[in-house]
Amino acid sequence: MHNKTLTVLGSVNVDHLIQVAHFPQPGETLLGHHYQLVYGGKGANQAVAATRLGAKVNFIACIGNDDVGRQIKQAFIQQGMNTEAISSIDGESTGIAMIQVAESGENSIVISAGANAHLTAQRVQSFTHIIQQSDALLMQLETPLEGICYAAKLAKTQGKQVILNPAPAQPLSDELLSQLTMITPNETEAEILTGINVVDYQSAVKAAQIFHQKGVEIVLITLGARGVFVSHQQQQEIIQGFSVQAKDTTAAGDTFNGALITALLEGKTLNEAIHFAQAAAAISVTRLGAQTSIPTRQETDDFLAERK
Ligand code: ADP
């Protein structure tokens with residue numbers, strides 16, 4: 001067996017979901033239904049995915065000094081995650097997302113970063129040893145960019161693999177891009193970062209070229225139900241995903257990213273790792289919610305055996 005370690009750096013959120021007939025007008029009070037509290041945050045989702053799928057995971061994150069923060073941390077510990085780099089911030093609340101889901105299927109979301117805003121370069125610096133002891137660093141864009149840039153540079157200097165899932169998308173410096181081993185945008189994020197509207201193989205090749213020119217070795221553009229476009233050195237192809245009855249695609253990308261790096265750290269080839277990650281992500285879209293939808297290793301191996 002392998003004993004490689006992954007560090008995930010990113011956000012922790014509590015999602016407050018409520019179903020509404022329509023979005024309320026200013027001044028209107030509306031009766032919602034089916035209120036649910038679900039653990040989310042892209043960083044947490046990816047750390048949970050990698051842990052459930054068998055990776056040894058350190059999670060660098062910030063939670064509030066509140067009950068829900070403590071409960072979330074406890075849930076991470078129970079699943080086997082190393083939580084020593086999760087800081088509890090006094091006087092701050094754990095990050096939240098207030099999500100209204102209308103009958104039309106549209107979402108309306110208000111986010112409060114809360115403790116996530118405290119994941120600064122200075123705080124990341126105090127966890128230098130965690131990054132030094134890992135083999136790969138996986139990040140997203142829901143925490144301050146300065147902390148992400150600091151961590152990327154540190155990890156790259158130490159010869160670690162640096163993977164960025166650039167979600168939610170925002171413009172990034174060439175300096176940050178040049179530190180990345182791999183970038184994993186979806187089609188929308190790829191367009192925001194490259195200006196290329198990714199609609200087919202040709203446009204994906206063009207977008208990937210832009211990332212490569214800025215120094216990113218491996219580009220994976222996830223294409224939802226259509227699979228994944230992969231580009232590195234001489235290989236450029238679309239790898240089909242699995243056909244499933246989709247119920248809720250929340251955390252599909254997060255499950256994909258956590259699973260992908262787990263498989264790569266086990267020594268699987270890139271194509272094998274993509275295949276494994278697409279299986280885990282396909283299972284997640286058949287289930288509701290964020291962390292509630294992420295499968296275990298056994299469930300993923302069984303699914304792969306069935307679909308062979
Ligand atoms: P994001 O959630 O970040 O927008 P995608 O929607 O591209 O990311 O999904 C990531 C991966 O999850 C896809 O590459 C695919 O493997 C899988 N996936 C997403 N939606 C579906 C679906 N409807 N059916 C099967 N697999 C899916």
Side-chain angles (χ1 to χ4, degrees), residues 8 10-11 13 15 38 40-50 52-53 97 99 101 105-107 109 138-142 163-170 172 182-194 196-201 203-204 207-208 211 218-231 236-264 268 270-295 299-300 303-304 306-307:
V8 178
S11 60
N13 277 331
D15 297 345
V38 182
K42 288 179 191 296
N45 295 344
Q46 295 184 17
V48 165
R52 281 192 197 154
L53 292 163
I99 307 175
V101 185
E106 285 173 299
N107 282 340
I109 306 180
L138 171 62
M139 302 183 287
Q140 320 73 34
L141 297 174
E142 276 186 341
I163 304 99
L164 180 69
N165 173 227
Q170 56 171 294
L172 298 174
M182 193 189 310
I183 194 160
T184 60
N186 65 15
E187 293 152 294
T188 316
E189 291 146 8
E191 177 172 359
I192 292 170
L193 290 170
T194 64
I196 307 284
N197 181 12
V198 178
V199 287
D200 55 13
Y201 175 80
S203 49
F211 288 122
I218 304 169
V219 178
L220 298 191
I221 304 177
T222 61
L223 309 169
R226 288 184 293 134
V228 174
F229 169 80
V230 53
S231 174
Q236 262 134 15
E237 62 175 311
I238 290 177
I239 302 179
Q240 302 288 321
F242 293 90
S243 173
V244 292
Q245 191 78 44
K247 236 190 222 158
D248 175 13
T249 59
T250 306
D254 293 336
T255 304
F256 178 84
N257 279 278
L260 178 81
I261 313 308
T262 298
L264 287 174
K268 289 190 163 60
L270 182 58
N271 282 26
E272 287 166 352
I274 291 172
H275 186 67
F276 176 78
Q278 297 215 81
I283 298 171
S284 80
V285 307
T286 65
R287 302 173 177 173
L288 294 179
Q291 280 161 46
T292 41
S293 74
I294 300 169
E299 288 168 331
T300 309
F303 177 92
L304 279 165
E306 271 167 35
R307 298 290 179 121

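As the structure lists them, so they are numbered: ligands from 1, and atoms in each ligand from 1. For the single chain, residues carry numbers from 1 onward in sequence order.
In this comparison of A252, G241, A279, G224, the heavy atom closest to atom 27 (C) of ligand 1 sits on G224.
T255 places a side-chain heavy atom less than 4.5 Å from the side chain of P295. Proximity of T250 to V38: side-chain heavy atoms (C-beta onward) are nowhere separated by under 4.5 Å.
Within ligand 1, counting atoms from 1 as listed, the ones closer than 4.0 Å to a heavy atom of V228 are 14 (O). Counting the atoms of ligand 1 from 1 in the order shown, those under 4.0 Å from a heavy atom of F242 are 24 (N), 25 (C), 26 (N). Taking every heavy atom of V244 and a limit of under 4.0 angstrom, the matching atoms of ligand 1 come to 24 (N), 25 (C). Set against the non-hydrogen atoms of A281, the atoms of ligand 1 under 4.0 Å away are 12 (O), 17 (C). Residue A246 approaches ligand 1 through these ligand atoms, each under 4.0 Å from one of its heavy atoms: 23 (N).
Between L53 and A280, the closest heavy-atom pair is CD1-CB, 4.1 Å. The minimum heavy-atom distance linking N186 with T188 is given by the pair OD1-N, 3.2 Å. For the residue pair I221 and A204, the shortest heavy atom distance occurs at CD1-O, 4.0 Å. Among all heavy-atom pairs drawn from Q278 and F256, the shortest one is CG-CE1, 3.9 Å. In terms of heavy atoms, I283 sits closest to E299 at CD1-O, 3.7 Å. Considering every non-hydrogen atom in both A277 and A259, the closest pair reads CA-CB, 3.7 Å.
When only interatomic distances are considered, the shortest N/O to N/O separation between G253 and ligand 1 falls below 3.5 Å. Distances between N or O atoms of E189 and those of ligand 1 include no value under 3.5 Å. Taking only nitrogen or oxygen atoms, main chain and side chain alike, Q278 reaches within less than 3.5 Å of ligand 1.
In terms of protein heavy-atom proximity, atom 14 (O) of ligand 1 is nearest to G227 O, 3.0 Å. Ranking protein heavy atoms by distance to atom 4 (O) of ligand 1, first place goes to N186 ND2, 2.9 Å.
At a heavy-atom distance under 4.0 Å, atoms from both the backbone and the side chain of T222 approach ligand 1. The part of L223 lying near ligand 1 is the backbone, judged by heavy-atom distances below 4.0 Å.
Below 30°, between 30° and 60°, or above 60°: for F242 and H275 the angle between ring planes is between 30° and 60°, a tilted geometry.
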